[in-house]
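Fair warning: this is a prediction, and the values are worked out from it, not measured in the lab. Convention: sequence-line order gives letters A, B, ...; per-chain numbering from 1.
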Protein chains: 4
Amino acid sequence: MVCVTKVYEKPILTDPVLIEGLPGIGFVANIVALRLIQELKAKLFAEIRSSSFQDYAATAENGEVKYPTNELYFHKGRNGGRDHIILYGNTQALTTVGQYELCGRVLDVAQDLGCRYIITLGGLKCEGKVDTPKLYCAASDPDTLREALNLGAGILGGQIFGVAGLLIGLGKLRGMRGLCLLAETPGFYPDAAAAREVLKTTCRILRLEVDLSRLDVAAEATRSTLESFGFIPSPIEKGTKEETRYQGVI
Amino acid sequence: MVCVTKVYEKPILTDPVLIEGLPGIGFVANIVALRLIQELKAKLFAEIRSSSFQDYAATAENGEVKYPTNELYFHKGRNGGRDHIILYGNTQALTTVGQYELCGRVLDVAQDLGCRYIITLGGLKCEGKVDTPKLYCAASDPDTLREALNLGAGILGGQIFGVAGLLIGLGKLRGMRGLCLLAETPGFYPDAAAAREVLKTTCRILRLEVDLSRLDVAAEATRSTLESFGFIPSPIEKGTKEETRYQGVI
Amino acid sequence: MVCVTKVYEKPILTDPVLIEGLPGIGFVANIVALRLIQELKAKLFAEIRSSSFQDYAATAENGEVKYPTNELYFHKGRNGGRDHIILYGNTQALTTVGQYELCGRVLDVAQDLGCRYIITLGGLKCEGKVDTPKLYCAASDPDTLREALNLGAGILGGQIFGVAGLLIGLGKLRGMRGLCLLAETPGFYPDAAAAREVLKTTCRILRLEVDLSRLDVAAEATRSTLESFGFIPSPIEKGTKEETRYQGVI
Amino acid sequence: MVCVTKVYEKPILTDPVLIEGLPGIGFVANIVALRLIQELKAKLFAEIRSSSFQDYAATAENGEVKYPTNELYFHKGRNGGRDHIILYGNTQALTTVGQYELCGRVLDVAQDLGCRYIITLGGLKCEGKVDTPKLYCAASDPDTLREALNLGAGILGGQIFGVAGLLIGLGKLRGMRGLCLLAETPGFYPDAAAAREVLKTTCRILRLEVDLSRLDVAAEATRSTLESFGFIPSPIEKGTKEETRYQGVI
């Protein structure tokens with residue numbers, strides 16, 4: 001096993017948009033994707049596991065074992081609206097090679113379903129306190145960029161790390177358009193405020209209507225999932241010696 | 001070569017349970033597995049070597065060369081009891097990718113023999129002195145969990161590292177049930193006391209009768225094997241300059 | 001995906017020379033290759049992407065996404081002159097295995113087009129100020145070496161790191177002649193002076209006429225491209241806290 | 001490319017012994033192998049290159065490019081004596097996975113030529129001054145071990161690192177006998193005295209007659225080759241600033 005795609009169901013989609021929502025800075029993309037899945041009642045149809053994910057399992061409060069995974073959901077647009085594929089998960093790959101492979105698999109699935117447009121989301125780490133997080137964008141081509149700029153996003157400078165950058169770069173090689181939307185965030189915790197800005201603009205671009213008031217709940221669920229994997233330090237364990245208890249077999 | 005499975009014999013088994021016993025914290029699983037193999041007179045039927053194991057050989061006291069390996073044993077249950085597959089060895093893989101691959105190979109063999117239930121064992125590192133090591137569990141599903149809870153184990157929190165966690169996570173993808181049993185241990189040496197708690201509960205779940213009095217011998221054998229590989233510092237070498245003598249070709 | 005070659009057009013070339021110009025010490029090769037591509041109006045015909053390149057994308061000033069890539073250009077010699085293949089790009093591979101694989105792919109393409117001669121370029125890091133950078137050479141065989149020595153280059157001592165060394169070593173296994181030309185450089189910035197020496201000798205060997213006066217422009221373009229990828233620290237960001245703003249999703 | 005075997009000629013051999021002589025502690029094996037190749041006029045018949053070797057080339061004093069490689073030589077035994085395969089080279093692989101793969105390729109070639117017996121050589125790092133280096137041995141089986149013990153070698157304790165250990169461990173999986181001979185050495189330079197002890201015993205086991213007086217020359221040649229790759233610090237460069245001059249393209 002290196003990277004395994006398990007397809008549970010192959011939906012028939014019309015010109016779907018792939019929306020990326022894996023954990024990253026501020027867990028912005030992760031919150032937005034979870035909120036979209038809930039609101040659109042998107043359906044899980046495929047799962048990707050990679051040997052570049054963490055080599056450990058996590059336990060939920062009820063003792064059930066959870067594992068690092070990426071999931072793909074689909075949503076059929078209502079009233080002639082667009083179809084969507086949402087990439088959700090609790091991790092990105094841990095190595096450069098693993099990231100390339102993971103993105104390759106995601107694009108394989110998306111391309112096979114007719115996808116020609118990718119939107120990647122995320123947080124842009126900034127110093128100090130943020131009142132209203134500003135939104136930044138980058139795109140694979142001028143037309144796609146203009147659309148985001150018209151909605152008030154600024155032009156992004158510098159690098160786009162991880163899956164958010166790779167999916168657009170590798171998608172371009174396959175002739176897919178790509179847009180990256182990042183909101184300012186201090187980056188240390190699941191940031192509902194940054195997620196709100198990203199979700200708002202994503203919805204306007206995709207002509208979706210999503211209730212923005214429940215982002216705090218999605219942020220809290222995101223925190224809980226990622227805490228159990230040790231990606232976010234648990235507030236209970238912090239500063240105690242207890243954390244060493246929670247280390248299983250090497 | 002990356003990961004090679006050498007099958008010496010393909011046993012016919014009925015609904016066998018896979019019991020994982022590779023070295024980890026406190027070498028708990030390793031001691032239990034050795035004890036089970038001895039007591040059940042389990043038979044070696046396959047060996048797995050990985051290029052993610054150590055790239056060196058060890059020498060036994062008699063000059064014979066030993067190498068890092070994983071072995072699979074089987075045991076046909078007596079009087080209509082269950083059949084067992086025991087995973088034993090002197091190492092886990094050294095890299096994340098190697099661990100995934102190793103677990104994939106183990107599951108390939110187990111699944112091919114009809115296995116649908118995995119029990120992984122280990123130690124849970126804890127601070128300070130432990131009188132009677134407490135047992136913790138996690139499972140792939142509520143039914144399997146309940147069984148362990150009924151026998152007095154507590155619910156495990158946090159991560160399950162290594163093969164003990166991966167086998168359950170990857171097994172679930174193949175529709176296999178999984179249970180992880182960890183006993184408290186300071187973790188620095190082969191811990192017969194922790195192994196006793198894990199073995200006791202494993203035997204009750206599997207309805208096996210095993211003489212618990214000889215665990216010290218199994219712990220001592222485990223220490224000896226792992227010392228020759230340098231995984232446990234030898235008490236003789238410690239604090240002397242002698243250890244530098246025992247370093248062969250780079 | 002590990003290493004993917006995308007061939008846009010397969011040119012018919014006669015005994016072409018492969019000229020390597022990837023980023024390295026002083027970005028000497030990179031500047032020379034860019035200048036050659038501009039002057040010869042060489043045409044892009046293939047692209048190589050590797051999962052050992054950076055796992056991030058960069059954004060240009062206009063918001064367009066750029067990604068780590070290697071490109072192959074060709075030029076048909078005028079008036080019966082030689083044909084050329086130019087390897088240009090914004091990165092080398094990040095790992096040893098990746099470097100080998102990348103060179104293998106480059107040689108596959110070159111060999112397929114009839115190439116039997118490779119010239120690799122670069123900088124030779126030296127201490128202190130350099131007035132007129134001295135040129136050094138090494139070659140796969142005495143005849144090729146003599147040609148460069150006759151043009152005033154000195155004999156190179158020590159190791160030739162990266163693609164500049166590997167292409168010659170791996171090319172030799174395929175029966176290709178190889179020459180490496182390195183000019184002295186302090187190595188910290190795109191060094192037009194070192195590039196001038198390398199380009200001058202390369203042109204004499206290949207009987208090419210190239211306007212040397214525009215190397216500063218090529219050096220500036222090289223700096224700008226590599227800065228956007230973060231390979232060269234931007235003078236604007238340096239010493240400010242601003243740089244942390246430009247870090248996208250992990 | 002990952003690991004490439006290039007076979008120039010396939011000799012017909014009768015029950016040949018594989019003798020391993022790659023660089024390691026004290027470069028003992030490397031000196032012995034070179035001496036055997038010279039004395040037996042053994043013939044190069046195959047070459048192995050790996051992407052886990054160094055990703056750079058070296059230059060000889062005459063400006064010729066040399067590269068990291070492993071070579072296989074054969075020698076047809078005279079007067080009904082045994083045939084030999086000698087593994088020689090200027091490096092081992094740099095990673096654990098690379099070492100496994102390299103050994104796998106070497107064993108593929110050897111097994112294909114009918115080899116069922118492997119002798120690996122090396123140095124055993126020891127503290128302080130060594131007058132007459134003592135010889136140590138380890139083997140895959142008691143019979144092979146006894147043969148070396150009878151010739152005065154002691155029993156080796158501890159680990160056998162690198163190709164010397166791996167070849168025996170992996171060979172055993174293929175049903176090949178293996179013997180490892182290590183001589184005491186301080187380990188920092190090509191050690192002709194340690195090589196003499198190893199060569200003497202190797203020759204007695206293989207019933208070979210080799211002139212031991214020319215080991216100093218082989219040690220000097222070994223030093224020169226490895227110095228040009230930077231594996232042994234050159235006495236000329238040491239302590240000067242000159243060494244930074246000899247760093248080519250990154």
>> For the CZ atom on A/R174, are there more than 12 heavy atoms of other groups (residues, nucleotides or ligands in this structure) within a distance under 6.0 Å?
In response: yes
> Is B/Y100 reaching over with its side chain to a backbone N or O of A/Q54, donor-acceptor style, under 3.5 angstrom?
Replying inline: yes
>> A/R82: which residues meet the salt bridge (charged side-chain N to carboxylate O under 4.0 Å, His left out) condition with it, sequence neighbours left out?
In response: A/D15
> Are more than 12 heavy atoms from other residues, nucleotides or ligands located less than 6.0 Å from atom CZ of B/R177?
Replying inline: yes
> Is the CZ atom of B/R204 crowded by more than 12 outside heavy atoms at less than 6.0 Å?
Replying inline: no
> How long is the gap from CG on B/L102 to CG on A/D55, to the nearest 0.5 Å?
Replying inline: 11.0 Å
> If we only count heavy atoms from C-beta on, is the B/P142 to A/E64 side-chain gap below 4.5 Å?
Replying inline: yes
> What is the minimum heavy-atom distance between A/V65 and B/I160, and which atoms define it?
Replying inline: CG2-CD1, 4.3 Å
> With sequence neighbours left out, what residues match B/F229 under ring-ring contact (aromatic ring centres under 6.0 Å, His included)?
Replying inline: B/F231
>> If I compare all heavy atoms of A/S52 with all of B/V97, which pair ends up nearest, and what's the gap?
In response: OG-CG2, 4.2 Å
> Considering residues, nucleotides and ligands other than A/K43, do more than 12 of their heavy atoms fall under 6.0 Å from its NZ?
Replying inline: no
> A/T59 versus B/Q159: any side-chain heavy-atom pair under 4.5 Å?
Replying inline: no
> Using non-hydrogen atoms only, which part of B/T96 is less than 4.5 Å away from chain A: side chain, backbone, both, or neither?
Replying inline: both
>> Show the nearest heavy-atom pair for residues A/Y56 and B/L166, with the distance to one decimal.
In response: N-CD2, 4.4 Å
>> If I take atom NZ from residue A/K6 and atom CG from residue B/L173, how far apart are they, to the nearest 0.5 angstrom?
In response: 5.5 Å
> Just wondering, are more than 12 heavy atoms of other shown residues or ligands nearer than 6.0 Å to CD in A/E9?
Replying inline: yes
> In terms of heavy-atom pairs under 4.5 Å, which option from B/G165, B/G98, B/G169 contacts chain A the most?
Replying inline: B/G169
